[in-house]
Amino acid sequence: MWGFLKRPVVVTADINLSLVALTGMGLLSRLWRLTYPRAVVFDEVYYGQYISFYMKQIFFLDDSGPPFGHMVLALGGYLGGFDGNFLWNRIGAEYSSNVPVWSLRLLPALAGALSVPMAYQIVLELHFSHCAAMGAALLMLIENALITQSRLMLLESVLIFFNLLAVLSYLKFFNCQKHSPFSLSWWFWLTLTGVACSCAVGIKYMGVFTYVLVLGVAAVHAWHLIGDQTLSNVGADVQCCMRPACMGQMRMSQGVCVFCHLLARAVALLVIPVVLYLLFFYVHLILVFRSGPHDQIMSSAFQASLEGGLARITQGQPLEVAFGSQVTLRNVFGKPVPCWLHSHQDTYPMIYENGRGSSHQQQVTCYPFKDVNNWWIVKDPRRHQLVVSSPPRPVRHGDMVQLVHGMTTRSLNTHDVAAPLSPHSQEVSCYIDYNISMPAQNLWRLEIVNRGSDTDVWKTILSEVRFVHVNTSAVLKLSGAHLPDWGYRQLEIVGEKLSRGYHGSTVWNVEEHRYGASQEQRERERELHSPAQVDVSRNLSFMARFSELQWRMLALRSDDSEHKYSSSPLEWVTLDTNIAYWLHPRTSAQIHLLGNIVIWVSGSLALAIYALLSLWYLLRRRRNVHDLPQDAWLRWVLAGALCAGGWAVNYVPFFLMEKTLFLYHYLPALTFQILLLPVVLQHISDHLCRSQLQRSVFSALVVAWYSSACHVSNTLRPLTYGDKSLSPHELKALRWKDSWDILIRKH
Amino acid sequence: MPPATGGGLAESELRPRRGRCSPQAARAAGRDVAAEAVARSPKRPAWGSRRFEAAGWWALLALVTLLSFATRFHRLDEPPHICWDETHFGKMGSYYINRTFFFDVHPPLGKMLIGLAGYLSGYDGTFLFQKPGDKYEHHSYMGMRGFCAFLGSWLVPFAYLTVLDLSKSLSAALLTAALLTFDTGCLTLSQYILLDPILMFFIMAAMLSMVKYNSCADRPFSAPWWFWLSLTGVSLAGALGVKFVGLFIILQVGLNTIADLWYLFGDLSLSLVTVGKHLTARVLCLIVLPLALYTATFAVHFMVLSKSGPGDGFFSSAFQARLSGNNLHNASIPEHLAYGSVITVKNLRMAIGYLHSHRHLYPEGIGARQQQVTTYLHKDYNNLWIIKKHNTNSDPLDPSFPVEFVRHGDIIRLEHKETSRNLHSHYHEAPMTRKHYQVTGYGINGTGDSNDFWRIEVVNRKFGNRIKVLRSRIRFIHLVTGCVLGSSGKVLPKWGWEQLEVTCTPYLKETLNSIWNVEDHINPKLPNISLDVLQPSFPEILLESHMVMIRGNSGLKPKDNEFTSKPWHWPINYQGLRFSGVNDTDFRVYLLGNPVVWWLNLLSIALYLLSGSIIAVAMQRGARLPAEVAGLSQVLLRGGGQVLLGWTLHYFPFFLMGRVLYFHHYFPAMLFSSMLTGILWDTLLRLCAWGLASWPLARGIHVAGILSLLLGTAYSFYLFHPLAYGMVGPLAQDPQSPMAGLRWLDSWDF
């Protein structure tokens, strides 16, 4: 026990100086003058508003990605003591003094800087030479687009960091697998793979691509493991390998069961990511608990779970809707805008513009604002009173109800008259008796869609209900069309006869609710104007809130999909496009997202060479000609699967996407291309150069090529850092491609 | 990555395409299995001679085919009115008979065949096919329906033969045939004038011939081998020629061929020359032949449809010049644009139309209250514009002035002929696309302001060139704001008469939306030239019609607030399609799969994945399987895998599609799914029987299992047949209804 006293305490440290140097250079290139420009640059305007929401703990909804990315940025703001008070409305706006620009941009910059040594490590773990590894890292270091993107408050560099981390830790794990399975470092790297994958997914949905790639490679390796006959099936070792205590022994004995291997991988690569992903949302929902401007998109139940906003109104409402209840009814689908069932004094015009006739009864619409005309009274068709009896008689699934409009006391009605804008559906009106043999058809059957049993009670906020018309079995539906001027551009409500299956536009829920107490119309009007209250409080479970939030994020569609700097995936490979990020308000200093064209072109070239060479080797091997020794071949395949595969999975899916695309979407794919470049170069030098002379010539070429890349990088530096104002002449000289949009001041 | 190490047996089993390595043995084994199945099958009396066996084989096939034809042709004439999409495809058949040009999002072969069938059966093309429910009356429609039913009937024998070849088991084939014969969905879909029976016919034909040529692999370049290979190519061309869904079966055949070639390439006993021959044969039969046939269908299509019709507006001006009856046909107009010419301007993007204006103002609150400018697909006087100099308002048609041509880069004014207002734009946001500027008609009698000035530019031309009618691709650049005239392709609301929005886009990206050409051109001072010189060549027409079709397909977008069918609905048979009738007095036909069949299929896919992965893992672990089990697993993995691939390829791509989807899109996948069910249950039952071999009743398990499945499907068909053959009377809620108690899901509305 006291053994350590007998021997001197020795710490042996292996320090790879090149790694340290790379990290240092990475930090220098990414952190240099980080606070410049002290103005909002491009998408900072977009992410900034969410940081402000986090700082003020206000709920928001953003469809661009899961919340982890925003939280990382907000962490920077938190560390810098940002109070969230800044109006993010314009690119180029000067930051006020309360915005800690340095700490806000710090985390993405650190992620960008650390990607450089990580590229080195990855190539090394792929069993390529130190030179190749250095090459990859140096290319990462001087790639202008990566520098620009990581020096700003943007998420791509963080995404790239986690992508690389996932690949690196998987490789470390895979290399551990050969000599020491179930060792501590084996577990560490395996778990880290899962964690990095879920972080990548948590930052942007794009992270899924790399996750799928890692999963795919892991699956192939696991399949080989299954075929490994030296491992036992499910043996007595099951319990053993689960216990950390005997991991040491496991390394000694080779009798580890296949089942343990598979189980460990499944837990680390499937379970951990899912759990972590949920955790991001959990933290997110804990952080943003106040109601805010995006409330309206969410369901009533979700809104009620936020502090302030709807919760303040609905707090203390009676839970069960009874006959005589006064309610507002919100459409569950809420598209094109969230709205409430509404009626007002005006009637449908006798004759529409296109010559069709209407019933000329009172209009029923859907209105996107809170209004006293949104109140409806649930009436029992068999009784006359409009108050809640004591004790209240709750309304149940399948009950017949009438809905009486609070302010006009007319009841909701539909009949076989074509609706104003959707002639295939029935018109819905509040019934006025004109005595023209058009009887009232105002009975509706209540169907609770999310009922537990057939005797369920209609609950405020929680129940989703449909109103089925008794005479015609039409369903009350929001058609989504805007009425013309006579309907004040409110939304059209129709009775849908052919209602097929579940659709949100036919489903409603009670939002505000109180028990009506006044029999007199005048009193009731006063009652309707006053806010509702009684008491019951309710909370939504985390899973319910998570699934709603996730669903809405995926379903949210921004309609306008055009941007001055948007581009198509085909333009990315050859760098035919750029994005102007920022222009100095007075001089012509400017920041662009513009890559190092030498690296981009040679990266694509390397990819093509890799593909052709692989095809050639594959065909030759098939005819039993082995050009490469087995280990070199396996190395070549693994490097290709991860690097070329990484490029493909991060690039090809964009061809199928319909959203607006920008050049920066290509950066993750580009990093994988950069990793592939030195791999291909080393392969050419090792296996295709036959003599020493060829090899030396080739090395000289590579050096020349790299110095040209450095030169290009240096030439483009003013556009990357934006620190130097160039003359119009110099700017014109930088416009190497006609499609590049470099800003030149006219005067 | 160490190579998979397996035991001796597993290794030999793992070699791809065992059938080829030892064809004789495999065939012998196959025959054994088949013979055994025959022996157990109740249809066969006892062990017989080989000839007897062959006769039984043919008899069974005949029985299956007969049953299929009988079910498909039973009550084919009912209902005697238009059902569902017959209104489209019947109408298009008539167009072929009348030779009028039309536009559809699908390639022409299917509709051409329908037209041919109608023509041969004496239909004269006079029925209007206006809307579902219209009575056919004296018009002969049975020829077209009969043709579709005829092709639809072949699905069952094709599936039977495919499964027989893949599994070498009569009972599996019989089960598949029963599932398809007794599926109400397949039945309904085959009974009407639709593209689906034709499409599925070609898909199944391609699958069958592919399987057949695979099994001829031991005798390459023999007559049957060539026959089946080229037949595969022909069927592929047919499938693609009917609908673009045919691409999926092409993909499947392609994958199969690549795997096949890869195997041959690795066979060191074959010389490279032989492999080259194999490759050439496949390129010839599977690429060149289908392409030639596919192109030929288009050639026939363009040849037959020579008259102008409802589809003209979708196509470019040059294309229209081909169609007799179109005003561009045999027309002669001045070649170069000059000041004072009256022109129509057409957007180059397909299905956008002509630049148009009319005496209606933009409504209050939408930009400036000036005259609307839109694009309109149809020919109209309001499409006419006069091209004028920007600074003079003199009448250029005055004979005393010399003719002055418009040149690339000139500043011009476009005056609307009917209303004498100038094409105008300004810094107001456009009605739909908020980031663009509004385009209006402005000024009185041609007097406006500097916002009416546009620079006319020819794409990819030098300054100073004249502008040619039809040929020149031109852009209009607004002088003051620098934006480009374009159409966003969005439909304006009621106030804009649902024409398309015209905007001025500040983004100078070159898209077809902002490129125009001059179509009509009237200028009495200029000599006319004949337009025949402009007629496009066949490859150009082919390319253009494909562009229009693709754009039409992606234009079929679902709307919010509408019920649409989702791909995940389909395999669970969530909701059907109303073919005819709504109320209880109508004759109702409802397209819905036989739920017993469909749910069995669904279960089978899950079971297949489970059993398949168990077997695969066992083999990878090097488990030594007894010979019979090994054989059965091969059937399951190879044959089943082939069919599962088909199901995957015909189902999952729909998840990626943005267009409107319908339930009937699932049916090709459903065919594959049924084949999988047949193979799976037969194999599982055999495995069961083998596992319980010690029991006295074990031998009967297989027979009993297959029999009960057959009878079960037949009985469910008896229950659900009114869906397909039509029903009258109360809806299913009513106990009097023929479907009482059978509405198992709330979402079925019959």
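All chains are named by letter (A, B, ...) in the order of the sequence lines, taking the proteins before the strands, and each is independently numbered beginning at 1. Given the structure is predicted, the values throughout are model-derived calculations rather than measurements.
No more than 12 heavy-atom neighbours from other residues, nucleotides or ligands sit within 6.0 angstrom of CG on A/Asp738. The neighbour count for A/Trp551 CH2, taken as heavy atoms of other residues, nucleotides or ligands under 6.0 Å away, does not exceed 12. B/His360 NE2: more than 12 foreign heavy atoms inside a 6.0 Å radius. For A/Trp223, the CH2 atom is densely surrounded, since the number of other residues' heavy atoms within 6.0 Å is greater than 12.
Legend: residues meeting salt bridge (charged side-chain N to carboxylate O under 4.0 Å, His left out) with A/Arg635, ordered by chain and number and at least two apart, are absent. In this structure A/Lys737 satisfies the salt bridge (charged side-chain N to carboxylate O under 4.0 Å, His left out) test together with A/Asp576, sequence neighbours excluded.
For B/Leu745, no part sits under 4.5 Å from any heavy atom of chain A, backbone or side chain. Both the backbone and the side chain of B/Trp262 have a heavy atom closer than 4.5 Å to some heavy atom of chain A. Interface remark: A/Ile226 contributes backbone and side-chain atoms alike to the contact with chain B (heavy atom separation under 4.5 Å). Residue contact with chain B, scored on non-hydrogen atoms closer than 4.5 Å, is absent for A/Trp633.
Once rounded to the nearest 0.5 Å, the distance linking CG of B/Asp267 with CZ of A/Arg623 reads 7.5 Å. Taken to the nearest 0.5 Å, the CZ atom of B/Arg621 stands 8.5 Å off from the CG atom of A/Leu225.
For the set A/Asp485, A/Asn624, A/Leu619, A/Leu618, the entry with the most heavy-atom pairs within less than 4.5 Å of chain B is A/Leu619.
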